[in-house]
Amino acid sequence: MAMSLIKLIAFAMAIITPVAGLTQALDPKSVELAKTVPIADIHMHTYSRNGPGITEAVERMAVNNVRWGGGVGDLRFDIADALRGRHIPAAGQREFAESFFRQGPSTLVATENVYFRDLFRDAHDMFAKGIIKGFGELHTNNESSGPPAFRRKIKTDNPVIRKFYEIANEFGGFVQLHTQHNAEFTDDILRLTADFPNTTTILSHCLPLGQPEDLAYLFKQRKNIMCEMSATGELHNRLARVNRPGRAFNSDGLRPRWKTMIEEFPDRIMIGTDTCCGWDMHYTEAVTEIRTNFLPYLKPETIEQIAYKNALRVFKLDQ
């Protein structure tokens, strides 16, 4: 009897984890499911230059049971051929970045920009043939993150972004935006999502500087706004040598306010790794962080939704 009680206490202690000064009981089913659930990586960079080779990219997905991936640039046809119906091909990031580096932020709002002209001309055909499913990652405001040379701030509702939305709207596509929360962005995104109801907006990193309540407000206003959770833990801060705790989760677990928001809107959240910027070697580490510090704190049905079921629905992926 005494031994059974000791075992019971030990089991209970094993599934209690401190979170922001609180204790949070974990469902053993969630803990086990988080280890093995298939994942759709909605922020999976496969750069054309200095990125992983095709064999490496596919193998690292298989090792981590990441069955679907994409959502951001670069658009690589070798990756598309390898993954086929499990790929989420996106265009626009390369053009957006090249325009910024070569001509400056003011050109990012000019639709006649040479970097956008050919893309806008060809995008309809690319959508029709299934070559792309959307656009991203488009940086409109990253003035507080990333290398200083890559930072910029432009208005999100501008002629170029509006053109991306217009094209995506014709095909039920998506636009993935990297931007920071502020009042101007809130007005802009609510206007864009109202004007283009068939375009799904994906907020990279679940809107940097935004709080769970800010996301909840947007979700309540529009059904075509979603977000993905990449870079909201500790790993990316460590890789960037930023001394800052994980925004949504860390080694202590998922922050309670984020858990409340996610469980209220489980159909609006997805998962991403964002091993950009030469961080490909940390891909397994990024997936492990998600499986260890984030997913176990959610209900089993929520885990499945945000890990892959939402992506299957939104991007019409092969199972």
Side-chain angles (χ1 to χ4, degrees), residues 42-43 45 47-48 70-75 88-128 131-205 207-210 218 222 224-228 274 276:
I42 309 307
H43 202 118
H45 287 291
Y47 295 118
S48 301
V72 290
D74 286 352
L75 179 62
I88 310 163
Q93 179 166 343
R94 180 176 58 82
E95 291 83 356
F96 218 72
E98 287 189 6
S99 179
F100 171 72
F101 281 124
R102 294 177 183 273
Q103 299 179 312
S106 63
T107 64
L108 298 178
V109 301
T111 55
E112 291 305 309
N113 182 330
V114 64
Y115 292 98
F116 300 141
R117 190 178 58 216
D118 292 347
L119 176 60
F120 290 151
R121 180 197 65 205
D122 299 337
H124 294 82
D125 189 53
M126 296 169 75
F127 265 109
I131 296 173
I132 61 173
K133 294 190 175 185
F135 301 106
E137 167 190 16
L138 308 178
H139 292 73
T140 61
N141 184 353
N142 63 327
E143 63 178 350
S144 299
S145 64
F150 192 63
R151 297 179 184 180
R152 87 293 302 263
K153 179 184 178 182
I154 60 174
K155 187 173 171 58
T156 296
D157 186 3
N158 68 66
V160 168
I161 297 297
R162 187 162 277 271
K163 186 66 175 180
F164 281 124
Y165 268 81
E166 177 188 331
I167 297 171
N169 196 67
E170 294 180 40
F171 297 91
F174 70 89
V175 175
Q176 181 162 178
L177 294 172
H178 180 133
T179 190
Q180 297 176 185
H181 173 71
N182 57 37
E184 180 184 68
F185 169 75
T186 298
D187 292 341
D188 282 357
I189 201 62
L190 290 179
R191 188 164 49 250
L192 283 166
T193 50
D195 291 348
F196 304 103
N198 294 328
T199 298
T200 298
T201 294
I202 302 169
L203 301 176
S204 296
H205 324 303
L207 192 57
L209 300 188
L218 293 177
R222 300 285 185 269
N224 55 341
I225 298 178
M226 304 184 72
C227 78
E228 60 84 21
D274 189 26
C276 72

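Just so it is clear, the model here is predicted, and its values are computed rather than measured.
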Test log, rule side chain to side chain contact (heavy atoms under 4.5 Å, CB included), inputs Val175 and Leu192: CA-CA 11 Å; Val175 175; Leu192 283 166; over 6 Å; no

Minimum heavy-atom distance between Gly173 and Phe127, given as atom pair plus value: CA-CE2, 4.1 Å

Spacing of Leu177 atom CG and Glu137 atom CD [to the nearest 0.5 Å]: 9.0 Å

Minimum heavy-atom distance Gly136-Ala90, with the two atoms named: O-CB, 3.8 Å

Parallel, tilted or perpendicular, as decided by the 30° and 60° cut-offs, for the rings of His43 and His45: perpendicular

Expected output: side-chain Asp74 to main-chain Ser48 donor-acceptor under 3.5 Å: yes

Atom pair CG (Leu203) and CD1 (Ile225), whose distance is rounded to the nearest 0.5 Å: 6.5 Å

Within the 6.0 Å centroid threshold, strictly below: His139 and Phe150: yes

Ring centres under 6.0 angstrom apart (Phe120, Phe135): no

Donor-acceptor side-chain pairing of Thr201 and Tyr165 below 3.5 angstrom: yes

Minimum-distance pair of heavy atoms, taken over all atoms of Leu119 and Ala91: CD1-CB, 4.1 Å

Flag side-chain contact, heavy atom, 4.5 Å: Val72 against His178: no

Distance in Å, Ile154 CD1 paired with Phe100 CZ, rounded so as to fall on 0.5 Å steps: 9.5 Å

Side chain to side chain contact (heavy atoms under 4.5 Å, CB included) assessment of Ile161 paired with Phe96: CA-CA 10 Å; Ile161 297 297; Phe96 218 72; 4.1 Å; yes

Spacing of Thr140 atom OG1 and Leu108 atom CG [to the nearest 0.5 Å]: 9.5 Å

Test side chain to side chain contact (heavy atoms under 4.5 Å, CB included) applied to Leu75 and Ile132, step by step: CA-CA 8 Å; Leu75 179 62; Ile132 61 173; 3.8 Å; yes

Contact check, side chains of Phe185 and Asn141, non-hydrogen atoms, under 4.5 Å: no

Donor + acceptor pair across side chains of Arg152, Asn142 (<3.5 Å): yes

Side-chain (Gln93) to main-chain (Gly73) donor-acceptor, under 3.5 angstrom: yes

Sidechain-backbone polar pair: Gln180 side chain, Ser144 backbone, donor-acceptor under 3.5 Å: yes

Asp195 vs Arg162 side-chain heavy atoms within contact, under 4.5 Å: yes

Distance in Å, Asn169 CG paired with Asn198 CG, rounded so as to fall on 0.5 Å steps: 4.5 Å

Name of the residue among Thr193, Asp188, Asp187 meeting side chain to side chain donor-acceptor pair (under 3.5 Å) with Arg191: Asp188

CD1 on Ile42 to CZ on Phe174, rounded to 0.5 Å: 8.5 Å

Within-4.5 Å side-chain heavy-atom neighbours: Ile189 and Thr179: no

Close side-chain approach of Arg102 to Tyr115, heavy-atom, < 4.5 Å: yes

Side chain to side chain contact (heavy atoms under 4.5 Å, CB included) between Arg94 and Tyr47, intermediate numbers included: CA-CA 9 Å; Arg94 180 176 58 82; Tyr47 295 118; over 6 Å; no

Donor-acceptor contact present, side-chain Asn158 to main-chain Lys155, <3.5 Å: yes

Contact check, side chains of Glu228 and Ser204, non-hydrogen atoms, under 4.5 Å: yes

